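Take a look at the structure set out below.
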Amino acid sequence: MCGIVGFTGRHQAAPILLDGLEKLEYRGYDSAGIAVAQGGAAASGAEGAGAASVRGAQSVSRQTVGAGQPKGVSEGGTEPSIEIVKAKGRLKVLREMTDDGRSVPGTCGIGHTRWATHGEPSVVNSHPHYAKNKRVAVVHNGIIENYQEIRDRLTKEGFSFISATDTETVAHLLDKYYAGNPIEAISRVMFRVRGSYALGILFADRPGEIYAVRKDSPLIVGRSDQGNFIASDVPAILRYTRDVCFIPNLEIVKLTDREIHFYNVDQEEVEETFSQVNWDTEAAEKGGFAHFMLKEIYEQPKAVRDTVSPRISEGHVNLEELGMSQEDLAKVSRIQMVACGSAYHVCMTAKYMVEQTARVPVDVDLASEFRYRNPVMEKDTLVVVVSQSGETADSLAALREAKKLGYRVLGIVNVVGSSIAREADSVFYTWAGPEISVATTKAYSTQLAAVYLLAIGLGRAKGMIDGAAEEEMTAELLRLPEKIERILEEKERIQWFANKFSHSKDIFFIGRGLDYASSLEGSLKLKEISYIHSEAYAAGELKHGTISLIEDGILVVGVATQKSLFEKLISNMVEVKSRGAYVLGVTSYGNYSMEDVANYTIYVPKTMECFAASLTVVPLQLLAYYVALGKGLDVDKPRNLAKSVTVE
Ligand code: AGP
């Protein structure tokens, strides 16, 4: 996820762009950049000279257009060009480089704050990207899935690339198709690329004009009597205007300082309506959600889709990015998974799923244990380290231990360019985007998706599944996002139930097989944000001591999606219920016999059993969220915890 902002109007653009990017740093913050039109009306800033106070905002700092003009550009109608300034690191680096925008004059520009997906965080990979001689500058939020094929084709046509990003292909395509008609050029790009995008575009020979287009990634237009805006999200422009239009999918927008025009992909002008946004700025940063955690729970369908779909083509899983040939994959004799916290629960799920799919034995270790136990592993063991942040000290130490012992390490990581990503021999990025809430949700779901893809790729390489099975599994993987969406539509039922148990002292989770792994995750989510004592047990373990803890009214959550284990889990629920427990069942639609024993049942859509964890985790996340909310706790920043544990 990245943040885009654009302004064209009667004030200096750069300070406004920087303000907007600051409000979008929650969408990404590993690098940032701005592009400001020079020359023509945009640079004269006829009304932009001098102090500027944009309506409803603190005044943008005083500046006199002309003084400090970038080299080669003087005031007034000279050869128009685009001034681009980019910086690695947080936005403050770009602010310092541009003297808070004062050193980049001009009244029309676009800006970007990056969350790296393709290409590590660096100046050259940061946006805006541009074609040769900067005829075109573009900022992008999303993933161009067929960027490699386009890049190869353009390279053959003589285009030269300087970055490792997917976005740069868009800049060159625009340059290739632009022959004086921006809408036509953009429309042709829309037909050429596959994936998700929100684009902000400047054409050097059209100073004062901003073009934008979106497909699946968010983008809004804002209008005011001081100028017009584009932004990935409302917070970026809320201090300047509340009059916004959420651009419909596959529409192109042209903005000048006084006009806004919308076009469909066939280049026909269309009318769109604007609405008033009544969020306060803080709520706006959470996209209108009360907490980042809830926002990120709701981002799971998109996060899973962004992680899965670029790796599946025509029913096949493509793991080329691992740099492991089919022979390398076939040689893997054992997998040793290592992680902490929720990422460890992903590894627990992987054990069941990978062993069932690829028939490769999987060992799972807590990183804090693995790093000190002087592990004994088979020669062709693949060590897999799972980490959202890529900076967890124990997981990084475990990676280094494995490499020191001579093993190949694969990192499943969400933060591009993080330590684990850099030090692993292969890295499989999850594309969840920045996860702000301490309690992981969307990153967890994308890690599960990554493990599924790995299992299928391994299974194929080892001949454990055939093409038909692969196609069936990949088709179901592509349906998981919509199934998660269906669960989210039921949130009120879960919220109602959670409110009944906000004051519990102990809550237990039980499950069998990969439902046990989901129980572990449900229990951790609850503990870490509600501070209620909770434990998860392999349901078969109850009779070995734990059941003595069951008293009248204690909530026990039973997770049951595995057909072969369903009846056994039901009997475990009968055991605890007969001792006074209140039982919540979480199962797939169709398993209605759950209601014969559970006091309350939450159903999730049916899916292939090996993918069930991706669905059962959603009600468990919502249960934890609403229990904590019912206790009036700070859900996003629970006590004693940090988002990334970079110390032992
Ligand atoms: C999960 O909700 C917790 N925030 C925590 O257990 C987390 O999963 C763990 O610290 C591992 O973090 P990582 O994925 O960044 O390595």
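Atoms within each ligand, like the ligands themselves, are counted from 1 in listed order. Note that the structure is predicted; figures quoted are calculated from it, not measured. Sequential numbering from 1 along the given sequence is applied to the chain's residues.
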Inset, instruction - Measure the acute angle between the ring planes of F497 and Y582, then classify it against the limits of 30° and 60° as parallel, tilted or perpendicular. - result: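 Rings of F497 and Y582: tilted, as their planes differ by 30° to 60°.
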Legend entry - Residue shell around ligand 1, heavy atom under 4.0 angstrom: C340, G341, S342, A343, S387, Q388, S389, T392, V438, A439, T440, L524, K525, E528
Inset, instruction - State whether the number of non-hydrogen atoms from other residues, nucleotides or ligands found under 6.0 Å of K631 atom NZ is greater than 12. - result: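 Result for NZ/K631: enclosed.
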Legend entry - Residue among N414, T430, T440 satisfying side chain to side chain donor-acceptor pair (under 3.5 Å) with E435: T440
Inset, instruction - Check whether the side chains of T165 and T167 place a donor and an acceptor atom closer than 3.5 Å, and report yes or no. - result: no
Inset, instruction - Have a look at N125 and tell me which of K88, H118, R114 forms a side chain to side chain contact (heavy atoms under 4.5 Å, CB included) with it. - result: R114
Legend entry - R479 to F611 six-membered ring, cation-pi geometry met (6.0 Å, 45°):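 Checked: cation-pi criterion not met.
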